[in-house]
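A short worksheet on the structure shown next.
For the single chain, residues carry numbers from 1 onward in sequence order.
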Amino acid sequence: MISLSKKGSCSSQLCLALCAFGLALLEDLSQALPVEDQDYYLQEIINRDHYYSYPGPDEEFSPFTEQPGQEETTPLLAIKNKKGNEKMPDGDYESRRAYKDVRESCPPLGLETLKITDFQLHASTVKRYGLGAHRGRLNIQAGVNENDFYDGAWCAGRNDPYQWIEVDARRLTKFTGIITQGRNSLWLSDWVTSYKVMVSNDSHAWITVKNGSGDMIFEGNSEKEIPVLNELPVPIVARYIRINPRSWYEEGSICMRLEILGCPLPDPNNYYHRRNEMTTTDDLDFKHHNYKEMRQLMKVVNEMCPNITRIYNIGKSHQGLKLYAVEISDNPGEHEVGEPEFRYIAGAHGNEVLGRELMLLLMQFMCQEYLAGNPRITHLIEDTRIHLLPSVNPDGYEMAYEVGSELGGWSLGRWTQDGIDINNNFPDLNTMLWEAEDRKRFQRKVPNHHIPIPEWYLSENATVAVETRAVIAWMEKNPFVLGGNLQGGELVVAYPYDMVRSTWKTQEHTPTPDDHVFRWLAYSYASTHRLMTDARRRVCHTEDFQKEDGTINGASWHTVAGSINDFSYLHTNCFELSIYVGCDKYPHESELPEEWENNRESLIVFMEQVHRGIKGMVRDLSGKGIPNAIISVEGVNHDIRTASDGDYWRLLNPGEYVVTAKAEGYTSSTKNCAVGYDMGATQCDFTISKTNLARIKEIMEKFGKQPISLSIRRRRQRARQRRQRR
């Protein structure tokens, strides 16, 4: 007989052997996984007991019934205990506080923002690759070319009640709701009208969400674009969640886009999750601000930094809301001679909210850093007059704000109250310029810069938004040098031209004469953004912008007539670019700290580019500045003009340039100006003298006589000679 002690010894040895074998097997399995996933799967298996193997005396597990063909199901941790309170996780104070925070409201897991990777999405069947599970993301767009790579939803390979799409949260998560849409398509109508929800811890044993004793059927969509939210009757903790369509549009197929609402449970022991969490050290107001709150925040910033900020408005919206802007400068309220002016605009599309919030965060950040003595920010404020216009379309924003960050769909609030897209509502000056260049023999003189606005556009009957007119007046009033308009729904920087030159084409690379400068400006933002130039990141919708490092010529993407970028370039001195700051137009409030970290450095670097190129004064012999003088650069068919004080700024890349200054009634002056690689524009001043004819006119006007032009004098002389011959 074997004694109990010997039996215990054998048992211990057997356990050790099995443990060693298990760890060896784990190591072998992990070798087949990507490096970044090895930590995760090892932690997940080793730490699984930490979550639900040892329930406390007050915990209550949700009831489960055995499924056909399964011996037993894995129990899922219920959120509530018998006393109605949540069990706090083990760990330090920060972990407990984080657990309390996520309990109060659960944000989206991140299908739309791409936090959920393609590898975390699975489906029963797919119609084709372009309609795979990885395309089943809320608000994903198919574009015009609905092809095998980029289509507008997950679509099942068969239409039957056994289809599903599944999300692996990769950690235990408190699921609270599901948001669904149909398929984004110009040609087809596909959506799911009802579905079931199932959850699991291991992706093998599934539990269906119940409504009493039966399976709960959730009401789906009645059309393909408007998102529909369904909250779970009680929150459920699990790792996997599966949507099982039960009925669908009778003339369509099973197709879905979705977002899952859930709170990942804190796990201080899991290194994989900790290293992938983005945090910020900036103490800013990370929330969505409606119109009243935005105005209040501006006031707070102004009170904190009264010496460097000024609040003003440029006009009113269709609904009468003031279009507020904040100026940041060491002498707010006045243009300083020799100091360039910069502008950021956001919210032209009211539902593209991230740009608006980034502007509000930027003004807080600059105020705080200036007070803290940050030399970089101080230098920028002292040498630049900065204007921030966070909400060009406040009417549209209020519409989107009412329904919230996930339920507005792709377009609610995009247009003004009277249905106008502000971003494309500016005069089409491209056509005027190109027609003049193509028809030189007709003597139609159109300048290559400061092209006047057509008369028809200025009439009261023209389809022009009041917000657009206000922005144009603002652009004409201030001598802006560089600007960026923040938009959403993509991650790219687009530079002009935005309109194709060839007739009937919808996409064609159409560069400006300053193409090299625009490319640099675009790259300066994209290269310093955390994600834009990351070759590993997934495309937002259908376009892969990595081949041009996160930048694109607007016309080669899609043609737009009357864009703010083209108008700014052709009507004013300002070089303007469109900066698309995120795949999600209206991210959840919880995403704002990470989005701020993604864009903060880029926002500052782009502002600093206003000091690249040449700058200077154009004066007469008495030292007085000459307004409206023309600055021309040899080899670049685009001029700029001096401001009212005679100062100018011309954005140029490093190199040597032949620059000419000229003005009506003055002789021209030409200089060689070199632009270096160091930040800071090269000083290039001009002094020009009046022409002889201008002096004669000035003398005659002084004595009350009108100067006679040479052509008129010649005609009169010829007439006298003809009379004498008779």
Check whether the side chains of [X] and [Y] place a donor and an acceptor atom closer than 3.5 Å, and report yes or no.
| X | Y | result |
| --- | --- | --- |
| H588 | D584 | no |
| D395 | T416 | no |
| D282 | W596 | yes |
| S556 | Q507 | no |
| H349 | N423 | no |
| D549 | T551 | no |

With the threshold set at 4.0 Å, does a side-chain nitrogen-carboxylate oxygen contact exist between [X] and [Y]?
| X | Y | value |
| --- | --- | --- |
| D168 | R239 | yes |
| R536 | D534 | yes |
| E219 | R246 | no |
| E594 | K115 | yes |

Between the main-chain N or O of [Y] and the side-chain N or O of [X], is there a donor-acceptor pair closer than 3.5 Å?
| X | Y | result |
| --- | --- | --- |
| N159 | S253 | no |
| N393 | W415 | yes |
| R356 | G347 | no |
| E548 | F545 | no |
| E293 | N290 | yes |
| N221 | T180 | yes |
| R171 | L265 | yes |

Can you see which heavy atom on [X] is nearest to which on [Y], and at what distance?
| X | Y | value |
| --- | --- | --- |
| S185 | K224 | O-NZ, 2.8 Å |
| W164 | P245 | CA-CD, 4.2 Å |
| G110 | E259 | N-OE2, 3.2 Å |
| G550 | A526 | O-CB, 3.7 Å |
| V192 | S247 | CG1-O, 3.4 Å |
| L114 | C583 | CD1-SG, 3.7 Å |

Check: Does R242 make a cation-pi contact with W206 (under 6.0 Å, within 45 degrees of the axis)?
Finding: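 Here R242 passes the 6.0 Å and 45° test against W206.
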Margin query: List the residues meeting salt bridge (charged side-chain N to carboxylate O under 4.0 Å, His left out) with K196, not counting sequence neighbours, and say none if there are none.
Written below: D215
Checklist line | H288 and Y586 aromatic centres sub-6.0 Å | finding: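 Distance test on ring centres: under 6.0 Å, yes.
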Check: Quick one: CD on E595 to CZ on R600, what's the gap to the nearest 0.5 Å?
Finding: 13.5 Å
Next item on the list: First locate atom CG of L361, then atom CG of L592, and finally report the distance between them rounded to the nearest 0.5 Å.
Entry: 6.5 Å
Margin query: Test side chain to side chain contact (heavy atoms under 4.5 Å, CB included) on E589 and K287; report intermediate values, then the result.
Written below: CA-CA 5 Å; E589 204 166 83; K287 59 166 287 187; 3.4 Å; yes
Tabulate below the donor-acceptor pairs under 3.5 Å that side-chain atoms of residues 133-140 make, not counting sequence neighbours, or state none.
{"from": "R135", "atom 1": "NE", "to": "D151", "atom 2": "O", "distance (Å)": "2.7"}
{"from": "R135", "atom 1": "NH1", "to": "H541", "atom 2": "O", "distance (Å)": "2.8"}
{"from": "R135", "atom 1": "NH2", "to": "Q141", "atom 2": "O", "distance (Å)": "3.3"}
{"from": "R135", "atom 1": "NH2", "to": "D151", "atom 2": "O", "distance (Å)": "2.7"}
{"from": "R135", "atom 1": "NH2", "to": "H541", "atom 2": "O", "distance (Å)": "3.0"}
{"from": "R137", "atom 1": "NE", "to": "H134", "atom 2": "O", "distance (Å)": "3.2"}
{"from": "R137", "atom 1": "NH1", "to": "L111", "atom 2": "O", "distance (Å)": "2.7"}
{"from": "R137", "atom 1": "NH1", "to": "I116", "atom 2": "O", "distance (Å)": "2.8"}
{"from": "R137", "atom 1": "NH2", "to": "I116", "atom 2": "O", "distance (Å)": "2.8"}
{"from": "R137", "atom 1": "NH2", "to": "D118", "atom 2": "OD1", "distance (Å)": "2.8"}
{"from": "N139", "atom 1": "OD1", "to": "Q181", "atom 2": "NE2", "distance (Å)": "2.9"}
{"from": "N139", "atom 1": "ND2", "to": "E112", "atom 2": "OE2", "distance (Å)": "3.0"}

Item checked: By ring pair (Phe, Tyr, Trp, His ring centres under 6.0 Å) - contacts of F218 (at least two apart) -> Y195
